[in-house]
Structure formats: C-alpha cells, structure tokens
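Everything below concerns the one structure shown next.
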Amino acid sequence: MPELPEVETIKRDLEKEVLGKRIKLVDVSLDRAVRRHPNVASFKSKLEGHKISFVKRRGKYLLIGLDNDDMLIVHLGMSGQLLIVKRTRDARDAHTHVVVRFTQGGELRFVDPRTFGEMFVSSLSQLEQIAPELNELGFDPLEGQMSWINFDQLLRQKRTKLKSLLTDQKFVAGIGNIYSDEILFAAGLRYDRISDTLTTQEVRRLYRAMVETLSEAIRHRGSSLADEQYKDLFGEVGDYQSQHQVYGRESQPCRRCHNKIVRLKVNGRPLFMCEHCQI
DNA sequence: ACGCCCGCCTGTAAGC
DNA sequence: TGCTTACAGGCGGGCG
C-alpha cells in the first residue's frame, strides 16, 4: 500500500512526534512482525531504554535512529500503519502487533492486518547481513543530485518495460503500483515502452512526471483508496486519490481527452491508463 | 542475467 | 441470505 508519498508523510510527522523521546517498553503481540529477529526478546532489548535521535526514509523504508548505532527499521508492506497514541489506555485497533511506549508518555503502535509489513533493529554496519535489500535500493526520486541527464543514462543501461522499471526498487526506490501508473500518465508514455528507446524529450518528460507526481502526492498527504487502508500517524486519510488521473478510474473519462480510462492486468497486477494520451 | 509467476496473509466485496 | 471466490497498495525466491 504505502508508497513513497505515504511513507514520506509519516516520516515528516514522526520527526515532530517522536524525536528525542525515550523508549520505556516494547510490547510485541505477533512474532511475525519482528521475523528478522531470532526471538522477540532480542528485538525488545535493542529498543528499551534508548532515545530516538533521527527519522529518515529510504524508498519505502522508515529508519528511526537510536542513541547508539542502532536503527529501528519499519516497512509497512501492503497494509501496515503507524499510529501515535497519546492515551495509552485507549483500546488497541485489531491487528496491533507492536507497541512502543515512551517514558514521556504516549506510544507508537504498529498495526498491520495482512502482516506483510515488519519491524527490525539493525546498525548500519549490520544492514548488509540483516537486510541486504536495503543496501540495494536505487536512487531516491526526491533526493536532489539526480538530473534528467543521469536519469537518461540509467534508462539506457536497461532494456525493460517502463512500468516494471519504475516499480523496481533496485532501479528507483519508493514507487509502487499506484504512482507508477500516475507517473506514466503524466509523462504521456505507455507502460510497455522499452526504457532504452525513449527520445530525449520523452526521458525529460518521464523524469519531470516522476518528481512532480510524487511531490504533489506528498503535498496531499498521500493516497487512501476505497478501503482506506492508508492512514497517517494520526489515523487520518490522505487526499491525493482525488487528484488521480488514472489509478482506480476504470471506464471514467480521461481528464485530458475524455476517452475512457482502461484497466488492464499486467504481470498479475492491475494497471490503469488512457490509451489515447499515453503513447 | 533478466523477466515473470507464485506465495506470503487477512479483510472485503463481488458472484453464485 | 450465506457460502465461495477473487482480489488488494509489496517483496523475495525460484523457475525458465
């Protein structure tokens, strides 16, 4: 579920809410939520007593730094939520698997019905051992440095359909099924165009579409689809779904040309596009 | 080496 | 009405 804009929204709010707080105790009610650890106790003991020193995002991962070399790393999978709760006696939502309580009061709850999400603790130096995929992430579309010229070189090193490439975390980190469709529409490109055959102008359009779509989505605090799985730290839904051009708009008129948006199944996943605007 | 499919889970909603 | 089936934002592993 949560892609870069949703994770970034959570990251920014986490910075305001948990920076400097000390972890008093950790309660794990589903072992699977901390499955990278040999046992629950090893997860708890790495957190309890430590103070939170930074919050970062890498792709769809949240990194919550501690006052030693360790980080609490969170991946929300498809249905994970992080919630800040001020009153710790308030009833926990169903599927609350991990609770991190602070000495200053309040707690952070990890809720995840489908259990694809997870939490684990690692230092930077242990990451390669514990979670190698984090070290293999591609560039972050919103972290400066990259220009469309670099992007052009990266695209030409591959011969892959654009949809697969945009959702490949090793190529570019943070884009999933929703935003790849929105980006391709904004760029006016079909999902099955091959990455090393784009014209210079098309590469520029794709790069621009990627940066602008993701930035706009963050401005709207992410997308919450019909089932409202995505909620921010405070349990509020995002707003960007109202700006979607294609995702979830099957058979509705394209906002640009008024042709019907089509829904396809590509690599086993739903894909939405305008066959007139995307070439 | 790469692309594609499956499985991991559970809640929801459509279909019969 | 109620049971069954398909499907969903992600990702890693295995197969061809």
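Throughout, a chain's letter reflects where its sequence line sits, starting with A, and its residues are numbered from 1. Side chains are part of it too, since the values below use all heavy atoms of this structure and drop only hydrogens, waters and symmetry mates.
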Does OP1 or OP2 of [N] have a side-chain N or O of [X] closer than 4.0 Å?
X	N	result
A:K161	B:dG3	no
A:H95	B:dC9	no
A:R159	B:dC2	no

Using heavy atoms to find the nearest nucleotide of DNA chain B for A:T115 and A:N267 separately, return the residue whose nucleotide is more 5′.
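Between the two, 5'-proximity favours A:N267.
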State the CG-CG distance between A:L155 and A:D196, to the nearest 0.5 angstrom.
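Going from CG on A:L155 over to CG on A:D196, the span is 9.0 Å.
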Distance, nearest 0.5 Å, that separates CZ of A:F110 from CD of A:E118:
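Atom-to-atom, A:F110:CZ and A:E118:CD are 8.0 Å apart.
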Which is true for A:T160 with a 4.0 Å heavy-atom rule: it touches a base, it touches only sugar-phosphate, or it touches nothing?
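Sugar-phosphate, no base atom in range.
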So, [X] side chain and [Y] main chain: donor-acceptor pair closer than 3.5 Å or not?
X	Y	value
A:E3	A:G176	yes
A:Q129	A:Q126	no
A:S195	A:K161	no
A:N177	A:P270	yes

Looking only at non-hydrogen atoms, find the nearest pair between A:D112 and A:G80 and report the distance.
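Where A:D112 meets A:G80 most closely, the heavy atoms are OD1-N, 3.3 Å.
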Provide the distance between the two [atom1] atoms, one in [N] and one in [M], to the nearest whole Å.
N	M	atom1	value
C:dC11	B:dA1	P	23 Å
C:dA6	B:dC6	C1'	16 Å
C:dC7	B:dC5	P	14 Å

Do any N or O atoms of the protein come closer than 3.5 Å to N or O atoms of nucleotides 5-8 of chain C, and which pairs are they?
from  : atom 1 : to     : atom 2 : distance (Å)
C:dA8 : OP1    : A:R263 : NH2    : 2.3
C:dA8 : OP2    : A:K265 : NZ     : 3.2
C:dA8 : N3     : A:R114 : NH1    : 3.2

Rounded to whole angstroms, how far apart are [atom1] on [X] and [atom2] on [N]?
X	N	atom1	atom2	result
A:E6	C:dG10	CD	C1'	13 Å
A:Q81	B:dG11	CD	P	13 Å
A:K158	B:dG3	NZ	P	6 Å
A:K231	B:dG11	NZ	C1'	13 Å
A:F116	B:dC9	CZ	C1'	5 Å
A:Q169	C:dG10	CD	C1'	8 Å
A:R58	C:dG10	CZ	C1'	19 Å
A:D31	B:dC9	CG	P	13 Å

Can you label the angle between the A:Y179 ring and the A:H244 ring as parallel, tilted or perpendicular, going by 30° and 60°?
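Taking A:H244 first and then A:Y179, their aromatic rings stand perpendicular (interplane angle over 60°).
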Between A:Y240 and A:H220, what is the ring plane arrangement, given parallel below 30°, perpendicular above 60°, and tilted in between?
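Ring orientation of A:Y240 relative to A:H220: tilted.
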Any idea which of C:dC11, B:dG11, B:dC9 is nearest the A:H75 side chain?
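For the A:H75 side chain, the nearest candidate turns out to be C:dC11.
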Using a strict cut-off of less than 4.0 Å between a Lys/Arg side-chain nitrogen and an Asp/Glu carboxylate oxygen, indicate whether A:D27 and A:R92 qualify as a salt bridge.
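Yes.
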Distance under 6.0 Å and angle within 45° of the ring axis: does A:R256 meet both against A:F185?
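Satisfied, under 6.0 Å and within 45°.
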Kindly check if the number of other-residue, nucleotide or ligand heavy atoms within 6.0 Å of NZ (A:K51) is above 12?
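Open: at most 12 neighbouring heavy atoms sit under 6.0 Å from NZ of A:K51.
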Pairs under 3.5 Å (Watson-Crick or G-U), crossing ones as [ ], inter-strand ones as |: DNA chain B comes out as .|||||||.|||||||
Tabulate protein N/O versus nucleotide N/O from nucleotides 12-16 of chain C, keeping only pairs under 3.5 Å, one per line.
none

